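Quantities reported herein were computed from a predicted structural model and do not represent experimental measurements. Every heavy atom of this structure was used, including side-chain atoms; hydrogens, water molecules and symmetry mates were not. Below, chain A is the first sequence line, B the second, and so on; all start at residue 1.
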Amino acid sequence: MVAILSEELLARFVLYARWIRADKTVRSDAFFPPPDGELSVTRHVGLTDLEIWQAGQAVSVERTLPLLGRADFSARVPRDLNLDVAAKEPPRNHAVVRGWPVEKSEKMILAQKIAAKASFVPPPILSHHE
Amino acid sequence: MMLGMPVAYPFEMTTSGGSEAAVFVDRRYCEELDRMQEALAVGMRPDVFDELFAVAEETSAAGWDGEGAQPVLDEAVRHAKKILKALPWGTKAPTIGGIPDGSLTLEWYSSPTRVLSICVGTEEELHFAALIGSTTIHGKDYFVGEGKRAILGLIDRVERG
């Protein structure tokens with residue numbers, strides 16, 4: 001297993017429009033863990049910006065939902081909240097945030113704290129060649 | 001009109017007769033009155049109920065987030081509507097969202113560090129979390145009595161920011 005440094009940036013791809021606020025910040029809903037307790041993220045390390053977007057595009061195609069952007073945050077953010085960040089490949093650079101508390105409102109507050117530190121990045125504008 | 005009271009539709013003011021057109025006009029008139037009442041219940045943003053039903057539609061199937069999310073059930077939508085209608089006059093309407101456990105979220109937001117989320121599911125009990133500067137407040141409660149007053153207090157603290 002590849003160790004993840006706390007300085008590393010992680011990307012959470014956003015596929016649901018209502019998770020992006022009008023001011024281009026990301027709602028905490030995007031960071032609430034799924035039923036299996038493993039929040040999927042993609043590590044930036046070793047990838048170009050284009051390759052990060054390609055990873056997002058692959059997720060988008062697999063899930064048949066449009067890629068609306070990504071929320072970037074450092075691995076330190078969840079770790080400072082006593083959450084675990086661990087690599088979980090394949091696919092390449094995939095990782096999960098896990099170790100969430102059982103109590104729902106505690107998960108909500110942790111998701112809010114991650115959201116507060118995350119930066120929304122819209123997808124690049126594709127050039128059209130006609 | 002008294003807030004929270006059923007609307008007494010003034011049928012005598014609407015089109016009389018049994019034609020399809022008359023029935024249509026009556027129905028639309030009643031729908032508009034319902035819409036006005038819902039807007040008055042919240043005090044602004046009449047589209048908040050439209051937003052609620054749009055989110056309900058978007059999240060009604062399992063896996064709506066592409067990651068195995070549970071569907072938002074009708075019971076959760078009914079609870080959310082009940083909460084919205086129970087907000088006092090002048091309360092800013094929240095924005096509506098959903099989370100993977102099949103709950104709806106009502107969010108009052110001033111900034112990323114001044115935000116309140118309420119999760120509404122199939123149970124009457126709701127879960128809430130507020131980040132207000134460096135202060136965090138979270139728990140579960142019912143939207144009645146002291147619980148309602150506490151949550152309204154949190155909305156006020158978030159909005160005053």
Side-chain angles (χ1 to χ4, degrees), chain A residues 12-41 56-68 71 73 77 81 94 96 100-120, chain B residues 51-52 54-59 61-72 94-121 123 125-141 150-151 154 158:
Chain A
R12 169 81 176 148
F13 295 116
V14 182
L15 306 178
Y16 184 51
R18 295 187 193 274
W19 285 351
I20 305 167
R21 299 190 187 100
D23 67 356
K24 300 298 177 194
T25 57
V26 181
R27 276 173 81 117
S28 58
D29 298 359
F31 301 98
F32 192 89
D36 69 2
E38 295 195 332
L39 185 78
S40 278
V41 292
Q57 194 60 40
V59 172
S60 164
V61 169
E62 180 192 333
R63 297 175 187 171
T64 63
L65 289 170
L67 177 60
L68 304 169
F73 58 100
V77 174
L81 300 170
H94 182 249
V96 294
W100 297 82
V102 173
E103 170 58 35
K104 185 168 175 175
S105 67
E106 288 181 35
K107 292 179 195 167
M108 291 167 67
I109 207 83
L110 296 181
Q112 283 179 345
K113 288 182 174 181
I114 297 172
K117 294 280 178 68
S119 302
F120 177 70
Chain B
E51 187 180 337
L52 171 64
V55 173
E57 175 73 24
E58 293 159 6
T59 58
W64 54 266
D65 66 341
E67 285 186 273
Q70 294 171 6
V72 171
T95 55
I96 317 292
I99 55 173
D101 73 351
S103 299
L104 289 165
T105 55
L106 313 182
E107 183 186 82
W108 283 265
Y109 169 84
S110 289
S111 73
T113 55
R114 210 164 187 93
V115 60
L116 166 67
S117 292
I118 294 179
C119 271
V120 187
E123 305 290 327
E125 193 176 45
L126 50 83
H127 299 256
F128 62 91
L131 186 59
I132 302 171
S134 58
T135 303
T136 59
I137 303 158
H138 63 90
K140 55 186 176 181
D141 216 325
I151 289 168
L154 290 175
V158 167

Ignoring hydrogens and angles, write down the donor-acceptor pairs under 3.5 Å from the side chains of residues 125-136 of chain B, residues two or more places apart or on other chains.
none

Value rounded to 0.5 Å, distance of OG in B/S103 from CG in A/D29: 10.0 Å
Nearest-0.5 Å distance that lies between atom CZ in A/R18 and atom CD in B/E107: 13.0 Å
Contact class of B/T59 relative to chain A, heavy atoms under 4.5 angstrom: side chain
Contact origin within B/L104 toward chain A - heavy atom pairs under 4.5 Å: neither
Chi angles and distances behind the side chain to side chain contact (heavy atoms under 4.5 Å, CB included) call for B/T105, A/F32: CA-CA 11 Å; B/T105 55; A/F32 192 89; over 6 Å; no
Residues 58-66 of chain A: residues contacting chain B (heavy atom under 4.5 Å, by number): A/R63, A/L65
Any residue of residues 102-110 of chain A which, by heavy atoms, sits under 4.5 Å from chain B: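 Hits under 4.5 Å: A/E103, A/K104, A/S105, A/E106, A/M108, A/I109.
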Contacting moiety of A/D36, where chain B heavy atoms sit under 4.5 Å: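 For A/D36, no heavy atom lies under 4.5 Å from chain B.
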Partner chain A: residue of B/A54, B/P100, B/G63 with the largest heavy-atom pair count (under 4.5 Å):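 Looking at each of B/A54, B/P100, B/G63 in turn, B/P100 comes out on top.
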Residue, of B/C119, B/A69, B/G68, that accumulates the most heavy atom pairs under 4.5 Å with chain A: B/C119
Side chains of A/R21 and B/T95 in contact at under 4.5 Å (non-hydrogen atoms):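 The answer is no, as the side chains (C-beta and beyond) never meet within the 4.5 Å cut-off.
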Qualifying residues under ring-ring contact (aromatic ring centres under 6.0 Å, His included), relative to A/Y16, sequence neighbours excluded: A/W19, B/W64
